[in-house]
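This chain uses plain numbering: 1 for the first residue, then up along the sequence.
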Amino acid sequence: MHDRRHDEVVQDDGCATPLAGVAHPSPSPAGPAPGRPMLLRALLPPGARAVEVDGDVEAAGEGAAPVELAAVAAARPERRAEFLTGRWCAREALRALGLPAAPVPPGVRRAPVWPAGVVGSITHCAGYRAAVVAHRRDVVALGVDATPHEPLPERVLAAVADPDEREHLAELAPLLPGVHADRALFSAKESLIKAWSALDPDWAGFSAFRVRLDAQGAFSAHGPRGALLAGRWGVAAGLLGTAVVVPAVPAVPAARTRPARVSAPPRG
């Protein structure tokens, strides 16, 4: 199950100060434009780059590739605008990573197809669009999500959270006054689904992940086949954002190699 803002499903494609424990924003060569949100930047490691805008970019279609324009040729004007702005954010994020801008067409389940050597994620909700990228040598998978910081409708919560997760949310409520933790859990699962799609071609939905939030802006999750994943969440300017980043395991000389605990076990 997913809401309309995620009609690109996997990988598509906030009114408080940043929460304690959230990482420092990743630098941008030009810095954020005045009034531009910084929701996701504060949730990412230094190697990732985020471009976030508070609305649609009027000229977003001018730099779009034919394959991107064709993807929304028959779409409603508002859908076309948010899609093209998301791709504009993706191109700018690639430039911020030191790479040339490149097309990011939709692929399987309309997930963005990133250039070789890059992982990324695109998200959009009312009044907000963003893209995040990283080098695959540093990050093997990532997923981000942004959503209005509002209570999650009960019917949606019942569909995405199991009884243990709903009990966990009730226990967490006194620790997070003014925070809609149910929305944070929903958003965390959106980001997990997006990140997992880069690790495993098999579809994993909301029920595939069991999430635990903490009051310091982090969350953990048990995923398919025993995978252990982690992420960050935060609230800013009326939005709630989440990010899941799976770092690459650095190479270790053979003589010093030790058994490692992997976050996402290989298939088979």
Side-chain angles (χ1 to χ4, degrees), residues 1-6 9-12 14 16 18-23 39-40 43-44 109 121 123 125 140-236 239-247 260-267:
M1 175 180 179
H2 61 278
D3 61 19
R4 189 209 61 80
R5 63 197 173 86
H6 289 294
V9 196
V10 296
Q11 285 201 41
D12 179 49
L19 294 172
V22 172
L39 176 67
L40 296 177
L43 307 178
L44 299 168
R109 300 189 185 92
S121 187
T123 186
C125 65
V140 296
L142 66 84
V144 297
D145 180 68
T147 180
H149 183 223
E150 301 169 350
L152 196 67
E154 182 58 36
R155 62 178 177 79
V156 178
L157 180 62
V160 303
D162 66 23
D164 286 344
E165 288 173 319
R166 294 196 292 274
E167 182 178 350
H168 165 63
L169 291 176
E171 294 170 349
L172 197 61
L175 304 177
L176 293 169
V179 173
H180 301 299
D182 52 357
R183 181 69 67 165
L185 183 140
F186 173 84
S187 181
K189 291 197 175 192
E190 289 273 7
S191 288
L192 286 160
I193 290 169
K194 295 177 181 183
W196 188 257
S197 71
L199 299 172
D200 191 324
D202 290 343
W203 170 252
F206 288 102
S207 62
F209 302 95
R210 298 190 68 185
V211 172
R212 287 292 182 270
L213 306 168
D214 72 25
Q216 285 72 50
F219 63 87
S220 60
H222 286 81
R225 296 182 285 108
L228 300 177
L229 299 166
R232 305 290 304 169
W233 66 275
V235 179
L239 299 174
L240 186 146
T242 55
V244 173
V245 179
V246 181
R261 186 179 186 181
V262 297
S263 295
R267 291 183 60 79

Taking [X] for its side chain and [Y] for its backbone only, find out whether a donor-acceptor pair lies under 3.5 Å.
{"X": "R183", "Y": "E150", "result": "yes"}
{"X": "H180", "Y": "L152", "result": "no"}
{"X": "K189", "Y": "F209", "result": "yes"}
{"X": "S191", "Y": "V244", "result": "no"}

Considering all heavy atoms of both residues, which atom of [X] and which atom of [Y] are nearest to each other, and what is their separation?
{"X": "L185", "Y": "A161", "value": "CD2-CB, 4.0 Å"}
{"X": "P224", "Y": "A204", "value": "CG-CB, 4.1 Å"}
{"X": "A146", "Y": "T123", "value": "N-OG1, 3.1 Å"}
{"X": "V211", "Y": "A188", "value": "CG1-CB, 4.2 Å"}
{"X": "A243", "Y": "L43", "value": "CB-CB, 4.0 Å"}
{"X": "L176", "Y": "A181", "value": "CD1-CB, 4.4 Å"}

Any [X] side-chain heavy atom under 4.5 Å of [Y] side chain:
{"X": "V179", "Y": "W233", "value": "yes"}
{"X": "F186", "Y": "L157", "value": "no"}
{"X": "E190", "Y": "T242", "value": "no"}

Gap separating the [atom1] atom of [X] from the [atom2] atom of [Y], nearest 0.5 angstrom:
{"X": "R109", "Y": "K194", "atom1": "CZ", "atom2": "NZ", "value": "14.5 Å"}
{"X": "D145", "Y": "S121", "atom1": "CG", "atom2": "OG", "value": "8.0 Å"}
{"X": "L192", "Y": "R210", "atom1": "CG", "atom2": "CZ", "value": "13.5 Å"}
{"X": "F219", "Y": "R232", "atom1": "CZ", "atom2": "CZ", "value": "9.5 Å"}
{"X": "L213", "Y": "E165", "atom1": "CG", "atom2": "CD", "value": "9.0 Å"}

Requested in this report: Please report the C-alpha distance between L44 and L142 in whole Å, then the side-chain angles of each, then the deciding distance to 0.1 Å, and finally whether the side-chain contact (heavy atoms from CB on, under 4.5 Å) criterion is met.
Outcome: CA-CA 10 Å; L44 299 168; L142 66 84; 6.0 Å; no
Report task. Begin from the C-alpha positions of D164 and R212 and carry the test side-chain contact (heavy atoms from CB on, under 4.5 Å) through to its verdict. Result -> CA-CA 10 Å; D164 286 344; R212 287 292 182 270; 3.9 Å; yes
